[in-house]
Amino acid sequence: MLSIMPSSSAVGALRYFRENLAQADYYREDHIVGRWHGIVAKQLGLEGEINPRDFEALLFNVNPNTGERLTARNSKNRRAMYDFTYNAPKSVSLIYGITKDGDVLESHREAVAMAMQEVERAIQTQMGSSKGKHYVTTANGVWGEFVHDTSRPLQKQTDQGKIFVPDVHLHSHCTMINATWSNDQNRFRAIELGNVKGQAPYFEALYHSYLAENLKAKGFEIERSGKRWEVAGISRELIEKFSGRTLQIEQVAKERGIKSAQAKSQLGRLTRNDKNSSVADHELQEVWKERLTLTELHAIMNAKGKRPNKCDDSSKGNTDLQMNAEKALDLSLEHFLERNSSIQEKRVLAYAIDLASGVVPAHFIQRALSKRENIIRAEYRTVPFVTTKEMLQSEEQMIEKATTGKATKPAMNADYEIQNAILNKGQRAAVNHVLTSQDQIMMVSGDAGVGKTTLLQEIKQGIEASGKQLFAFAPSSDASRGVLRSKGFEGAETIAKLLNSPNLQEQLKNNVMLIDESGLVGVPTMNNLFDIANNQNARVILSGDYKQHSSVEAGDALKLLEIQSGLPVARVNEIVRQQKAEKHKEVIEKLARSIGIKKNADKRQSEVVKAYDQLDNNGNIIEVSERDKRQQLIATEYAKATLEKDNDTLVVAPTHFEGKEITNAIRNVLKQQGRIGLEDMSFTRLQSKHLTNAEKSLHQNYKKDDVIEFHQNVTGFKAGQKYIVKEISDKGEILVKNDLDQHISPLPSDKNEAYSLYQKEQIEIALGDKIRITKNIKSLAGAELFNGQMYDVRGFDQSGNVALSNGQILDKNAMHFKHGFVSTSHQSQGKDAKTVLIAQSSDSFGASNDKQFYTSISRASEHCKVFTDDKLALRQAISRSGDRVSATQISELSKTQNPSVSEVGKHQYMNRVREFYETKVKPSFEHLKSTYEQRSIEKEVGRGDFGLER
């Protein structure tokens, strides 16, 4: 991952420059000399090698030529620079470290320079303030490039004792000074890199693509390897000999359950050793060569100009040679648009460039995307987005289906008198709205905690009193078979079951379909639900809150319908959940209003921050920087709260990673208190890889011993059956083994939508543990255990099966379960608890936004505490908008930003008409007018008859 790290201050940046940039990653007598780059560098007369005095002056916001302040702002904690780090593939580092081939270094530096030029084009500055705040692209900057060729040292034990030896690691630090030139104001201003940091995968993909092309031009062969590529002829075993730091970080990541590249990059900084006096520079190559066999040394020395042996073009290492620009773009668009209606253009390009890196040059892919006729482009808040005409059509169809049912039905029960006396004014209005509506599609929108389920119970009574039936559905098993059924909606089912069950659909005939938590429903699914309603002459009630989490599927259907369809919406805003926590209720109300601001992004962000500050002032946000202490505190709070009578407690973490760490801490405390057993039983569980269909079509996303489960029957494969990945063939086929009959078969590449892919991991369960079911399965007795349901562990039978608190026995090989102490923010939606504890440290900031934070804190009816390691950084993270951009929005913006060909033609035609009028028609008209006036005068004075020549 491309790392972009800001400096904490000018003093910190100065220390980093002197101790890290200007010397190698271990002690050397000589220093590394950086080089200047960027338009602003030339403007300041900074070229070639970096003079430390010039660099240090810029760090302190001083123009090195004049000694005057460079930009206006000069606060104590001003960010002096941003460090962009580009890492070469390990095989490239290895070849350079052993051979010192200048072509390799040149290829790397050119690739870095080209990627940084793209970064420079995206540099912005902030203009204005408050309501007038906006961002302007300046497309200029200044940075220093420092090339390093080793990693941080690792401790080695030798006959002479402990020494510290670095591994080969070719990488460049590009330190962007916090200054850009504004042509509008004719002065230097601070840079704004928000968009750049958001597009980091694109710049990283460009670097790898440029580097591959450069090396190929120098005589090296490239082989695809996982996500990207390595130099042909350098084996994985050889690479791992020089990957000590990577293996060290991977080991720590494994222990902590970390999988994301961003979190691992943070581990790299946490686990590195201090620099130590070690092997002399001129001795390093010999030390490295001692690790090599003669065969390995020969492979490195002859990697250049030697083509690898190829039996045929279908060898495993070359299956991606079939990749081309169009296929890469198809896969990229399919990947992103499965879960989004629109996506940042740079993300589409980054994914496609990565897929074809080493095979297709980046500019081929950029050009191919620009020529696609089904793509709609527009800038949204200065960031280029794309969608497709097909995605726009899907949104338009959904809106049309909703509006065509307007005023086409009789009221369901206009004379119904509300039975529940505790319903407030807003709830009563919502009940009356639904029961008196003449629309086929009815919407009930309510903020978190306003009692939507309570008013839906009343609507159900009113519908049944009219002689019709109400059938309830929700996106998840937990929300439907759990929450809805417990609230009196007997037989509530998942939307997925409705879509796949003709019998359920038939029951809806002339009745009513309730879709609860409809804010979690995507556009394709909503279209299918509307089709079922039309086929069965059924009415539809949509209940939800688009201010909370969005659907996993593409498109925020409920939000689109509320804004675009023109259908009346019953809005319920009076919160009833926090009746005993008035201060907390005020914060949630403020957040709800803030997220409801649609057109003024800066005002929305400002109001969210105010709500956060109010929550902090109330004492609800606890900052503990030390990881272990923070986790221990959360675990202790949980243990204390759950000892209280009638105190249901919910622990929320935005990411699975942080959730796992908190789970471990809670289990340790409960063990110390004797509330769960000291002896653990080890089980194998399945963790979904959460791949899109596009990702499932790529063989590099499969690993040996991964598990595949089909959720629908496919020829040769049974639904519910487990299949183990045994091998990825030379042709890129995924060969799987049936876990019953041991038969090996190739996975059908055209049926990836029919199965899910999992990886195995170990889980420890003890007596008294709390577990969550993660997929609809059955107990040994055949009872249904639904996804999301939680049970306490009552014990283990002689075979090692798990006895649950509902009296059922869970098969030890069920695999679809996990610890249930912590929920993600998504899993918590629809739930409430007296006490809510939220773990939201820097490990989860990437998954943080205003909608996530609103969802999480609004679960608490009385007590809420948020635990973090950095209050200020959390404040910034949750101020980001959690809204997704719809295809409809991009289409509307595109019409104003990018006039269509027909509009341009019309504009050009009108210009030609005006030109013809001004140059031909108008002068003739003026002449005729003048002649007419002259003849009229002559007639009046008797000089002749009026007349005009033809």
Side-chain angles (χ1 to χ4, degrees), residues 341 395 398-399 402 426-427 429-431 433-434 437 439 441-460 470-480 482-484 487 489 492-496 498 512-530 533 539-565 567-577 588 591-592 595-596 598 825-832 850-852 854-856 858-859 882-884 886:
S341 286
E395 290 186 354
M398 180 190 71
I399 295 167
Q427 290 171 319
V431 173
H433 164 71
V434 172
S437 174
D439 301 332
I441 312 297
M442 296 153 285
M443 287 185 282
V444 177
S445 177
D447 295 339
V450 299
K452 289 189 290 294
T453 304
T454 303
L455 71 87
L456 289 173
Q457 292 169 337
E458 191 72 21
I459 289 173
K460 180 175 182 286
L470 181 143
F471 295 87
F473 304 92
S476 68
S477 292
D478 197 21
S480 56
V483 176
L484 283 176
K487 300 291 186 181
F489 294 87
E493 274 294 353
T494 63
I495 293 172
L498 171 63
V512 183
M513 176 198 308
L514 165 65
I515 306 298
D516 197 25
E517 295 292 351
S518 54
L520 294 173
V521 179
V523 170
T525 294
M526 192 67 80
N527 266 316
N528 291 333
L529 291 172
F530 287 173
R539 307 287 287 274
V540 181
I541 302 171
L542 302 177
S543 170
D545 178 16
Y546 70 77
K547 298 175 187 176
Q548 296 183 58
H549 283 296
S550 302
S551 66
V552 175
E553 187 183 34
D556 298 327
L558 185 65
K559 182 179 179 181
L560 265 173
L561 289 169
E562 283 199 37
I563 295 173
Q564 299 287 339
S565 71
L567 290 173
V569 180
R571 301 187 187 280
V572 188
N573 300 317
E574 184 179 341
I575 295 175
V576 297
R577 180 178 292 159
I588 293 168
L591 267 177
I595 298 172
K598 298 181 180 69
S825 185
H826 270 91
Q827 290 166 343
S828 74
Q829 184 161 327
K831 295 181 173 63
D832 61 84
D850 53 9
K851 295 173 75 169
Q852 168 274 317
Y854 169 60
T855 302
S856 298
S858 62
R859 303 304 96 202
D883 285 345
R884 299 188 297 185
S886 69

Next item on the list: Just do the side-chain contact (heavy atoms from CB on, under 4.5 Å) check on Glu517 and Gln829 with the steps written out, would you?
Entry: CA-CA 9 Å; Glu517 295 292 351; Gln829 184 161 327; 3.2 Å; yes
Item checked: Within-4.5 Å side-chain heavy-atom neighbours: Ser828 and Thr855 -> yes
Notebook entry, point to check: What is the distance from atom CG of Leu542 to atom CE of Met442, rounded to the nearest 0.5 Å?
Noted result: 8.5 Å
Next item on the list: Please report the shortest heavy-atom distance between Leu514 and Ser543, naming the atom on each side.
Entry: CD1-CB, 4.3 Å
Note to self: Could you check whether atom NZ of Lys487 has more than 12 heavy atoms from other residues, nucleotides or ligands sitting under 6.0 Å from it?
What the structure shows: no
Check: Atom CG in Asp850, atom CD1 in Ile595: separation rounded to 0.5 Å?
Finding: 4.5 Å
Check: Of the non-hydrogen atoms in Gly426 and Val572, which two are nearest, and what is the gap between them?
Finding: O-CG2, 3.9 Å
Item checked: Asp883 bridged to Lys559 by N-O distance under 4.0 Å -> yes
Next item on the list: Report the distance from atom CZ of Arg884 to atom OG of Ser341, rounding to the nearest 0.5 Å.
Entry: 6.5 Å
Margin query: Would you compute the distance between atom OH of Tyr854 and atom CG of Asp545 and round it to the nearest 0.5 angstrom?
Written below: 4.5 Å
Item checked: Step-by-step side-chain hydrogen bond (donor to acceptor under 3.5 Å, both in side chains) determination, Glu493 to Ser480 -> CA-CA 5 Å; Glu493 274 294 353; Ser480 56; 5.3 Å; no
Item checked: Set of residues satisfying side chain to side chain donor-acceptor pair (under 3.5 Å) with respect to Ser477, sequence neighbours excluded -> Arg481, Asn776
Notebook entry, point to check: Any side-chain donor paired with an acceptor under 3.5 Å for Arg859 and Ser825?
Noted result: no
Next item on the list: Look up atom CD1 in Ile441 and atom CD1 in Ile515, then write down how far apart they are to the nearest 0.5 Å.
Entry: 9.5 Å
Check: Does some side-chain heavy atom of Tyr546 sit less than 4.5 Å from a side-chain heavy atom of Leu560?
Finding: no
Item checked: Check: Thr494 and Pro475 side chains under 4.5 Å, non-hydrogen atoms -> no
Next item on the list: Report the C-alpha separation of Phe471 and Leu498 in whole Å, then their side-chain angles, then the decisive distance to 0.1 Å, and conclude whether the side-chain contact (heavy atoms from CB on, under 4.5 Å) test is met.
Entry: CA-CA 10 Å; Phe471 295 87; Leu498 171 63; over 6 Å; no
Item checked: Smallest separation among heavy atoms of Glu395 and Ser886, with atom names -> OE2-CB, 3.6 Å
Margin query: With side-chain contact (heavy atoms from CB on, under 4.5 Å) as the criterion, how do Met443 and Leu567 come out once you've worked through the C-alpha distance, each side chain's angles and the decisive distance to 0.1 Å?
Written below: CA-CA 8 Å; Met443 287 185 282; Leu567 290 173; 3.8 Å; yes
Margin query: Between Gln852 and Ser856, do the side chains contain a donor N or O and an acceptor N or O under 3.5 Å apart?
Written below: yes
Next item on the list: Determine whether Lys547 and Asp447 make a side-chain contact, defined as any pair of heavy atoms from C-beta on separated by less than 4.5 Å.
Entry: yes
Notebook entry, point to check: salt bridge (charged side-chain N to carboxylate O under 4.0 Å, His left out) between Glu562 and Arg571: does it pass, once the steps are laid out?
Noted result: CA-CA 10 Å; Glu562 283 199 37; Arg571 301 187 187 280; 2.7 Å; yes
Item checked: Partner of Ile495 under side-chain contact (heavy atoms from CB on, under 4.5 Å), chosen from Val521, Asp516, Asn528, Leu520 -> Val521
Notebook entry, point to check: Which atom pair, heavy atoms only, marks the closest approach of Ser550 to Asp556?
Noted result: CB-OD1, 3.2 Å
Next item on the list: Can you see which heavy atom on Val576 is nearest to which on Gly451, and at what distance?
Entry: CG2-N, 3.8 Å
Notebook entry, point to check: Do Leu470 and Ile541 have side chains that get closer than 4.5 Å, going by heavy atoms?
Noted result: yes
Margin query: With a 3.5 Å distance limit and no angle check, can you tell me whether Gln427 reaches the backbone of Glu458 through a side-chain donor-acceptor pair?
Written below: no
Next item on the list: Considering non-hydrogen atoms only, spot the tightest contact between Ser518 and Gly544 and give its length.
Entry: OG-N, 3.8 Å
Note to self: Contact between Leu529 and Val540 at the side-chain level, heavy atoms closer than 4.5 Å - yes or no?
What the structure shows: no
Checklist line | side-chain contact (heavy atoms from CB on, under 4.5 Å) evaluation trace for Gln827 with Asp478 | finding: CA-CA 9 Å; Gln827 290 166 343; Asp478 197 21; over 6 Å; no
Check: Which value, rounded to the nearest 0.5 Å, describes the distance between Ser858 atom OG and Ile575 atom CD1?
Finding: 8.0 Å
